[in-house]
Amino acid sequence: MQDLEPLRAKYLGEIAEATDEAGLEAIRVAALGKKGEVSLRMRELGKMTPEERREAGPALNALKDELGAAISAQAAALADAALAERLKAEWFDVTLAPRPVRQGTIHPVSQVMEECAAIFAEMGFTIAEGPQIETDWFNFDALNIPPEHPARQEHDTFFMAREEGDDRPPHVLRTHTSPVQIRAMQEHGAPIRVIAPGRVYRMDMDQTHTPMFHQVEGLAIDRDISMANLKWVLEEFCKAFFEVESVELRFRASHFPFTEPSAEVDIRCSWEGGQLKLGEGDDWMEILGSGMVHPKVLAAAGVDPEEWQGFAFGMGIDRIAMLKYGIPDLRAFFDSDLRWLKHYGFAALDVPTVHGGLSR
Amino acid sequence: MKFTLSWLRDHLETDATTEEIAEALTDLGLEVEEIADPSAALGAFTICRVIEAVQHPNADRLRLCRVETWPNGPDAPSEEVQVVCGAPNARTGLVGVFARPGLHIPGTGVDLKPGVIRGVESNGMLCSERELMLSDDHDGIIDLPEDAPMGVRYIDYAGLNDPMVHIAITPNRPDALAVAGIARDLAARGIGKLVTPDVEPVAGSYESPIKVSLAPEVTESACPFFAGRHFRGVKNGPSPDWLQHRLRAIGLRPISALVDITNLVTYDRARPLHVFDAGKVKGDIHIRFAREGETILALDGKDYALDTTMTMVCDDAGPEAIGGIMGGELSGCTGETTEVFLEAALFDPIRTAATGRKLKINSDARYRFERGVDPEFTVSGVELATKLILEICGGECSEVVTAGAVPDSTRSYGLDPAHVTSLVGMDIPREQQIRILMDLGFGVQEAGGSMVAAAALGPAPSLVAPDLVGMVEVTPPSWRPDVQGSADLVEEIARVASLSKLEAKPLPPVRTGVGRQTLTPMQKRSGAVRRRIAALGFNECVTYSFVSETEAGLFGGGAAGLKLENPISSEMSDMRPNLYPGLLAAAARNQARGQGEIALFEVGPGFTGPEPGEQQVLATGILVGATTARHWAGTRRPVDAMDARAAAEEALAAAGADTSRLMTMRRAPDWFHPGRSACLSLGPKNTLAEFGELHPKVLDALDVKGPAVGFTLFLDAIPFPRAKSATRPPLSASDFQAVERDFAFVVDRDCEAEAIIRAARGADKALIAGASVFDVFDGPKAESQLGAGKKSVAIAVRLEPSDRTLKDEEIEAVASRVVEAVGKATGGTLRT
């Protein structure tokens, strides 16, 4: 038996020097193919004596395995190198801007309405809605504002045109969401707790007024609800809405035809450095009107004022949105300037909840 | 309503500071809007003496004055200052008012600086009344009596240091349009004692030569009562300083003594008066409605055309005054007036308001009459004015003439003090409630009938029997026409007791435990749709509910009943039929600002009819221009109808609609491109949404540069599930191999994909899990290959067996059924 070492050294050397898959295959064929050098040597085993075979057999097999493994290892190394080369060529300018994804926004009015809904839900208020073209009865009479009441003139009402031959009093664009309270009481009776958010209309247009704006009104009727409860509800609302630890509210006597007693509500604030801070400072800012629902209003809505009593309040959604989010100009709310919508708008997934926080 | 603190003190004895008074007023519901303190503007002007005035060396009209001033107050040593003065009355020994350099001169708006006038130094100014904004007088500088105290503040000496308070009056408080009424509120609050003097009647010395009669039609309500008085031998010059100052302080211009007196009484007691020059009154006074075609030249110098609903004060020649609103020019008082007829009448609030609105006249008289004046103070008003006229203008007065009668406004309401406490949520003791009402002039009786005498209440509430409970009967005073029930009494008690003392009490929860859903399904739906559309990259807008007539007309609106009677502008004249006009106008505005990719949406009402409730909730989105900004990856392309359809389907899914069951119906409204729009319908009739490219003519009319596409969801039309259950049906996922086979059909050019897909799916409902179009080959090139009017539509059909692996023969069988079904439905053949 000839020494296998030269054979081994030759092939291991060739394998190590192979630079591509084809070269490596040629080496495999030359060594381990049917007519390969190692294979031919293995055929010779048959001609050997048993003693010789006992020695040469394992040696040849070991050589065959070693060369096979070396070829596999070299093939893997060559593949890795080729991949590395390819990946190197696949360089891409990752500093480019990605394909654009359009970002939508939610209008501040919608967002703040949802914030109000979330907060008042905590206190058991549901949401009531109603028509925006209203009869003068729902908008005025039912709210204890009879025709020719001076308050009717102060409402700057939009009237709907009447078709010829229609002699009813003209319908109006609701000047407040109070008619929704009447409709809600008519439908559900007492006890009741609702808020009524929505569009309202007044004939007024200047720096700080738009002919359409948004209100949220609240109504709570039960057997023994008092103005003190109203104050608590408003305090709770203001703390939650403005996301402050404490607020101080001041009830100031006023007059609304639909409530007795009536109060304007001021909130303690500071405007130091042009920045509004609530709950501190020496200024008072009027934020809403409120009062105990007038017995005539309850009666008009089919609720017995001898048995039931409660409060109502109303505030401007656009206004509290401006205060909370520092939005300077009311008119821009309705101008739909994309720059404004993107700047003051809210992300689609920023759903305000009490447990998750109202704002980011 | 404006008044000064010294005026208030005529009615209220008090030691309270201005701040305390202001705070109490606001708290009482008489909201202080402004306090103008004259000392802020005039506090630094002091009394001085001209030691010597000589001719200016270089100017004929100027004088050089050596002025003695007291810069450190009257008790400190004086200083001499040189002042150049152009006033003709500047003279040696004059006592005047000095302004030192650095002061702001309110009448000229100039900050005074030391200067050199024609070569001579001037270190201050001697002031005229106009320069201090005290009057229009600029004929000379202020010329004070020689005994005026040197060096003191001029406003203190002249009694001008009198803060003016401006309060907002709610419509229910006609009584607070009188200084006396404001004092009454403050006294009830405990800020001092009400000291309004009683009005003493003045005996007349002759019979009025002018008689008064009420036409029958006015006695019922328009003018039930009229009181008047004749004066003769009066002299109507300028009113005295105190009166002029008082009026000027509240922003009224003094006119003449007679007119100023009527204004004083108007503000002092909310009792409007009018004075006629009796010499110009022809015959007697008649109160009647105006006659057709009558006109009046009013005191404001304007001619007014009258109608037959207006109450007029007339003489034999015609209308001389618009009742309760404004006098006439022809019978107005002048400096020559020597005979006067004074009017105090009762005019109906509603009619006065209507007349004032029609004529567009706002006056102090109208303001009071339309809120309601105190009927019981009519003759007293005459008497109060009489006293002032005789004092200031001299002469003598006739007996009072009256016509009609003061209507009886007496009424009473039961009040349960326990109910007051329950409503307000604040413990206001019964005796305090009664005291408040009595302090405001209300009569209070125990329900048994005995009047609660003020004495019985004693000086302190503790003297009242503490065990007294139960109802009281309350009679409002004549000056509170607004009080129309016990609820109004509660308000009076609450505001005087002070709502600022109210302490919050928790509102008991509706139920214990975890809260329930508070949104209705519809509210939840609109919220979900809003957020879904925003998540698709649209920016939410809130646009006006009213649009122009043209815009409404373009979108199916503009009906007569949906127009506003009184639009704020022609751009906002019609209720919007839908949300497109507002959004497209917004798009045009944004395009004008250079925005090229616009995606806007709104969720809001569209108005379908003029009756309440004829509105529907719409969710509309528009896409205008390109899909994205220019981008290296070539993502930019013009928006098309399929973009709108995609958004509509996503939004419909968010709204809870089953989009797999929708049919595409070519019946979108006129404002869409007729070939590139459709409705998504549940069954043949129920349109849930519409989408498409907007009509080029519509875009043109709204100045929108296309392309523009849009979609609208009709949120009310989408059915809610019949029974709500959170449980889902079990998932059926097959373990057997799914197979996808592709087919290309040659069909007519106008064959719709939906028909091919529906036919393919119907070929084997059990096996076929889905089918979709993956290629459309159409256009001239396709027609050249496939034949004129043809196109190729390639679909992928997915087979999902549930119980076995499909054999080739089975697959082939299904495939041929697909080809057959599509062929039958569309006439299409397999492309070879």
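Note on naming: letters A, B, ... go to the chains in the order of the sequence lines (proteins, then strands), and numbering restarts at 1 for each one.
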Rounded to the nearest 0.5 Å, how far apart are OG of B/S500 and CG of A/L249? 12.5 Å

Checking A/P170 against chain B: side chain, backbone, both or neither under 4.5 Å from a heavy atom? neither

Just verifying a value: how many Å separate A/R99 CZ and B/T635 OG1, rounded to the nearest 0.5 Å? 8.0 Å

Turns out that what part of A/E163 lies under 4.5 Å from chain B's heavy atoms comes down to side chain

After noting the C-alpha distance and the side-chain angles of A/R102 and B/F538, does the key distance pass the side chain to side chain contact (heavy atoms under 4.5 Å, CB included) rule? CA-CA 8 Å; A/R102 217 167 39 208; B/F538 290 74; 3.8 Å; yes

Just give me the residue among B/V490, B/L499, B/L507 that pairs up with chain A most often, heavy atom to heavy atom, under 4.5 Å. B/L507

Where on B/L562 is there a heavy atom nearer than 4.5 Å to chain A: the side chain, the backbone, both, or neither? both

For residues 600-611 of chain B, pull every pair meeting side chain to side chain donor-acceptor pair (under 3.5 Å), keeping only residues two or more places apart or in separate chains. A/R168-B/E611, A/H171-B/E611, A/R199-B/E602, B/T543-B/E602, B/R576-B/E602

For residues B/S545 and A/Y201, determine if any side-chain heavy atom of one lies less than 4.5 Å from a side-chain heavy atom of the other. yes

All heavy atoms of B/N566 vs all of A/T157, minimum pair found to be ND2-O, 2.8 Å

For A/V351, which atoms come within 4.5 Å of any heavy atom of chain B: side chain, backbone, both, or neither? both

Contacting moiety of A/M212, where chain B heavy atoms sit under 4.5 Å: both

Approximate separation, where rounding is to 0.5 Å, of B/N172 CG and A/S262 OG: 8.0 Å

Just so I understand: if I count every heavy-atom pair under 4.5 Å between each of A/M292, A/R193, A/E134 and chain B, which residue has the most? A/R193

Which distance, rounded to the nearest 0.5 Å, do you find between the CE of A/M203 and the CG of B/L564? 9.5 Å

Who among A/P98, A/G124, A/S254, A/P211 has the most heavy-atom pairs with chain B under 4.5 Å? A/P211

Nearest-0.5 Å distance that lies between atom NE2 in A/H107 and atom CD in B/E540: 7.0 Å

Would you mind checking which part of A/D335 comes under 4.5 Å of any heavy atom in chain B, side chain (CB onward), backbone (N, CA, C, O), both or neither? both

Please look at A/E114 and chain B and tell me whether the side chain, the backbone, both or neither of the residue comes under 4.5 angstrom of a heavy atom of that chain. side chain

Go through the atoms of A/F346 and report whether side chain, backbone, both or neither lie under 4.5 Å from a heavy atom of chain B. neither

Heavy-atom pairs under 4.5 Å with chain A - which of B/A535, B/C541, B/G537 has more of them than the others? B/G537

Greatest number of non-hydrogen atom pairs under 4.5 angstrom with chain A, of B/F607, B/Y544, B/F601, falls to B/Y544

With chain A, which of B/Q517, B/E565, B/R531 has the greatest number of heavy-atom pairs at distances under 4.5 Å? B/R531

To the nearest 0.5 Å, how far apart are CZ in B/R593 and CG in A/L338? 8.0 Å

Measure the shortest side-chain to side-chain distance between B/Q523 and A/E129 over non-hydrogen atoms and say whether it is less than 4.5 angstrom. yes

In terms of heavy-atom pairs under 4.5 Å with chain A, which of B/G425, B/A487, B/G604 leads? B/A487

Side chain, backbone, both or neither of B/R589 within contact of chain A (heavy atoms, under 4.5 Å): side chain

State which residues pass salt bridge (charged side-chain N to carboxylate O under 4.0 Å, His left out) with A/E286; sequence neighbours excluded, sorted by chain then number. A/R252

So, the part of A/P108 with a heavy atom under 4.5 Å from chain B: the answer is neither

Partner chain A: residue of B/K505, B/E31, B/R495 with the largest heavy-atom pair count (under 4.5 Å): B/K505

So, the part of A/L173 with a heavy atom under 4.5 Å from chain B: the answer is side chain

Under the criterion side chain to side chain contact (heavy atoms under 4.5 Å, CB included), I'd like the reasoning laid out for A/Q309 against B/L423: C-alpha separation, chi angles, the key distance, then a yes or no. CA-CA 7 Å; A/Q309 65 187 45; B/L423 267 180; 3.8 Å; yes

When the 4.5 angstrom heavy-atom criterion is applied to B/A494 and chain A, the contacting part is side chain

Can you tell which part of A/F333 gets under 4.5 Å to a heavy atom of chain B, answering side chain, backbone, both or neither? backbone

